Engineer: 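First the structure, then my questions, so here it is.
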Amino acid sequence: MDFPLSDGYIAIHHPDEEIVVAWAGTHRYRALVMDMAVFTLPYLQGEDMGVHGGFRDAVRGVIGRVKTCLERLANDYPSYTVIFTGHSKGGAEAALSALDLVRRIDGLQGRVRVWTFGQPRLGDAKFASHYNRVLGNVTYRVVSEADPVVAVPPRLLFDYCHHDLEVWLMNEEGDIYVGQNHTECGEDPLASSSVLFFERSIESHKNYLGLPPQDHANAEFSW
């Protein structure tokens with residue numbers, strides 16, 4: 001694709017026997033436009049569940065090429081775990097691409113783990129329930145303190161809500177709360193959703209686990 005709406009790469013981490021599919025956050029103007037495309041579109045044709053239109057189009061614009069590379073690496077390293085990860089917009093795209101690819105690559109589902117950081121809401125309640133059935137038990141949606149991005153799009157808009165499983169980094173002292181009191185869409189009212197919007201700070205979104213953003217690594221494939 002000459003003008004991708006997302007950025008990322010696939011790399012191999014041999015010491016831990018992992019294939020990593022990493023999606024970047026927003027750093028192109030055209031990607032910002034996709035972030036703002038908050039209207040929902042059908043996730044699967046004929047199914048009554050909606051997903052963020054911008055994230056869906058950004059992922060599906062490159063998913064064929066990602067599948068080709070990942071399928072080859074998964075065959076080359078059959079014992080390796082496949083990690084999907086990303087920050088912010090990249091977190092949403094990581095989760096969505098994992099869900100897409102376990103449908104498209106035979107044998108992948110049992111090898112997948114999903115770790116997202118500062119991920120915005122991805123779809124409506126029915127989509128969240130579908131995600132939870134397929135990947136909810138291998139997904140870790142990490143939220144830093146008072147991150148405002150995880151609170152958008154708002155619940156009242158198109159019935160948006162999060163999928164499982166939230167891991168809330170509550171403060172700089174290292175206290176952690178793992179979502180337990182699940183609603184139908186995986187949002188524990190005692191976790192990060194308990195933070196009022198005016199109490200949130202963009203600094204929480206910019207600094208996860210004390211690590212600065214990384215440049216692309218030496219990758220098998222990038223987009």
Side-chain angles (χ1 to χ4, degrees), residues 4 6-27 31 55 58-59 62-119 122 131-132 134-145 147 149-150 163-179 204-223:
S6 61
D7 298 271
Y9 61 86
I10 301 176
I12 302 173
H13 190 246
H14 292 294
D16 288 333
E17 296 193 344
E18 293 174 343
I19 301 168
V20 180
V21 184
W23 296 75
T26 304
H27 61 276
F55 298 154
V59 167
V62 297
I63 198 70
R65 295 165 61 195
V66 174
K67 174 182 178 292
T68 298
C69 179
L70 181 58
E71 201 163 27
R72 173 177 59 82
L73 293 175
N75 289 331
D76 289 346
Y77 302 98
S79 66
Y80 282 27
T81 301
V82 180
I83 306 293
F84 289 80
T85 190
H87 172 256
S88 193
K89 171 181 179 285
E93 292 170 345
L96 187 57
S97 64
L99 191 62
D100 272 358
L101 289 171
V102 296
R103 291 191 297 110
R104 301 185 184 201
I105 299 177
D106 291 340
L108 182 63
Q109 185 165 350
R111 301 170 60 180
V112 164
R113 301 293 183 272
V114 183
W115 285 88
T116 72
F117 301 86
Q119 174 194 326
L122 182 51
Y131 186 97
N132 290 343
V134 179
L135 291 176
N137 64 334
V138 294
T139 296
Y140 307 91
R141 185 171 50 79
V142 182
V143 177
S144 177
E145 299 185 55
D147 188 339
V149 173
V150 303
H163 57 74
D164 287 343
L165 172 71
E166 179 175 356
V167 179
W168 183 27
L169 311 179
M170 300 175 65
N171 50 48
E172 293 182 356
E173 287 68 43
D175 293 323
I176 296 174
Y177 179 88
V178 178
S204 294
H205 184 67
K206 291 162 60 179
N207 186 21
Y208 268 76
L209 305 176
L211 299 176
Q214 298 294 312
D215 292 332
H216 282 193
N218 293 327
E220 297 287 326
F221 169 66
S222 62
W223 64 91

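All values derive from a computational prediction rather than experimental measurement.
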Engineer: Is the side chain of Arg111 donor-acceptor paired with the backbone N or O of Ala74 at a distance under 3.5 Å, no angle test?
Structural biologist: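 A pair under 3.5 Å: yes.
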Engineer: Begin with the C-alpha distance, continue with both residues' side-chain angles, and end with the deciding distance and a verdict on side-chain contact (heavy atoms from CB on, under 4.5 Å) for Thr81 and Glu17.
Structural biologist: CA-CA 6 Å; Thr81 301; Glu17 296 193 344; over 6 Å; no
Engineer: For Thr116, enumerate each residue passing the side-chain hydrogen bond (donor to acceptor under 3.5 Å, both in side chains) test, keeping only those at least two apart in sequence or located in another chain.
Structural biologist: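 Only Gln119 meet the side-chain hydrogen bond (donor to acceptor under 3.5 Å, both in side chains) criterion with Thr116.
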Engineer: Inspect the surroundings of CG in Asp106 and state if more than 12 heavy atoms from other residues, nucleotides or ligands are less than 6.0 Å away.
Structural biologist: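 No.
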Engineer: Fit a plane to each ring of Phe117 and Trp115, take the angle between them on a 0 to 90° scale, and name the class: parallel (under 30°), tilted (30 to 60°) or perpendicular (over 60°).
Structural biologist: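 Judged by the thresholds at 30° and 60°, the geometry between Phe117 and Trp115 is parallel.
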Engineer: Which pair of heavy atoms, one from Phe84 and one from Ser97, lies closest together, and at what distance?
Structural biologist: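 Looking at all heavy atoms of both residues, the shortest contact is CD2-OG, 3.4 Å.
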Engineer: Measure the CD-OG distance between Glu172 and Ser144 for me, rounded to the nearest 0.5 Å.
Structural biologist: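 Result: 8.5 Å between the selected atoms.
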Engineer: Any chance you could measure Arg65, atom CZ, to Leu70, atom CG, to the nearest 0.5 Å?
Structural biologist: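 The distance works out to 14.5 Å.
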Engineer: What closest approach, in Å, do Leu165 and Gly179 show between heavy atoms, and which atom pair accounts for it?
Structural biologist: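 Scanning both residues, the minimum pair turns out to be CD1-O, 3.4 Å.
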Engineer: Give me the ring orientation class for His163 and Tyr131: parallel if the planes are under 30° apart, tilted from 30 to 60°, perpendicular past 60°.
Structural biologist: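 His163 and Tyr131: parallel rings.
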Engineer: Any side-chain to backbone donor/acceptor pair from Thr139 onto Gly136? Under 3.5 Å, distance only.
Structural biologist: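 Not at all, since once roles are kept as given, no pair shorter than 3.5 Å links the two residues.
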Engineer: For the backbone of Asp164 and the side chain of Asn132, can you confirm whether one donor and one acceptor N or O come within less than 3.5 Å of each other?
Structural biologist: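 Here the side-chain-to-backbone pair exists.
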Engineer: Within the structure provided, determine whether Val114 and Tyr140 are in side-chain contact (heavy-atom separation under 4.5 Å).
Structural biologist: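 No. Closest side-chain heavy atoms not under 4.5 Å.
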Engineer: Determine, stepwise, if the pair Val20 / Ile10 fulfils side-chain contact (heavy atoms from CB on, under 4.5 Å).
Structural biologist: CA-CA 6 Å; Val20 180; Ile10 301 176; over 6 Å; no
Engineer: Run the numbers on Leu122 and Leu96 for side-chain contact (heavy atoms from CB on, under 4.5 Å), then give the verdict.
Structural biologist: CA-CA 8 Å; Leu122 182 51; Leu96 187 57; 4.2 Å; yes
Engineer: I'd like to know if the side chain of Asp16 and the backbone of Glu18 have a donor-acceptor N/O pair within less than 3.5 Å.
Structural biologist: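 Absent.
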Engineer: Working to the nearest 0.5 angstrom, can you tell me the gap between Lys206 NZ and Asp147 CG?
Structural biologist: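 Spacing of NZ (Lys206) from CG (Asp147) equals 11.5 Å.
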Engineer: Val167 and Ile176: which non-hydrogen atoms are nearest, and at how many Å?
Structural biologist: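 Minimum heavy-atom contact is CG1-CG2, 3.8 Å.
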Engineer: Of all heavy-atom pairs between Leu101 and Leu108, which one has the smallest distance, and what is that distance?
Structural biologist: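 In this case the closest contact between Leu101 and Leu108 is O-CD2, 3.6 Å.
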Engineer: Do the side chain of Asn75 and the main chain of Pro78 share a donor and acceptor less than 3.5 angstrom apart?
Structural biologist: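 Flag not set: sc Asn75 to bb Pro78 has no pair under 3.5 Å.
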Engineer: Between the side chains of Trp23 and Thr85, does any donor sit under 3.5 Å from an acceptor?
Structural biologist: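 No.
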Engineer: Rounded to the nearest 0.5 Å, what separates atom CD1 in Ile19 from atom CD1 in Ile83?
Structural biologist: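 If we round to the nearest 0.5 Å, Ile19:CD1 and Ile83:CD1 are 10.0 Å apart.
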Engineer: Just by distance, no angles: are the side chains of Ser88 and His205 close enough, under 3.5 Å, to form a donor-acceptor pair?
Structural biologist: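 Short answer, yes.
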Engineer: Strictly distance-based, threshold 3.5 Å: is any side-chain N or O of Glu166 a donor or acceptor partner for the main-chain N or O of Val143?
Structural biologist: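 Side chain of Glu166 to backbone of Val143: no pair is present.
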Engineer: Centre-to-centre under 6.0 Å for His13 and Tyr80, is that the case here?
Structural biologist: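 That pair fails the under 6.0 Å test.
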Engineer: List the steps, then state whether side-chain contact (heavy atoms from CB on, under 4.5 Å) holds for Ile105 with Lys67.
Structural biologist: CA-CA 8 Å; Ile105 299 177; Lys67 174 182 178 292; 4.0 Å; yes
Engineer: Identify the two heavy atoms, one from Gly118 and one from Val149, that lie closest to each other, and give their separation to 0.1 Å.
Structural biologist: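 Closest heavy-atom pair between Gly118 and Val149: O-CG1, 3.6 Å.
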Engineer: Show the nearest heavy-atom pair for residues Ala94 and Gly86, with the distance to one decimal.
Structural biologist: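 Of all heavy-atom pairs spanning Ala94 and Gly86, the closest is CB-N, 4.0 Å.
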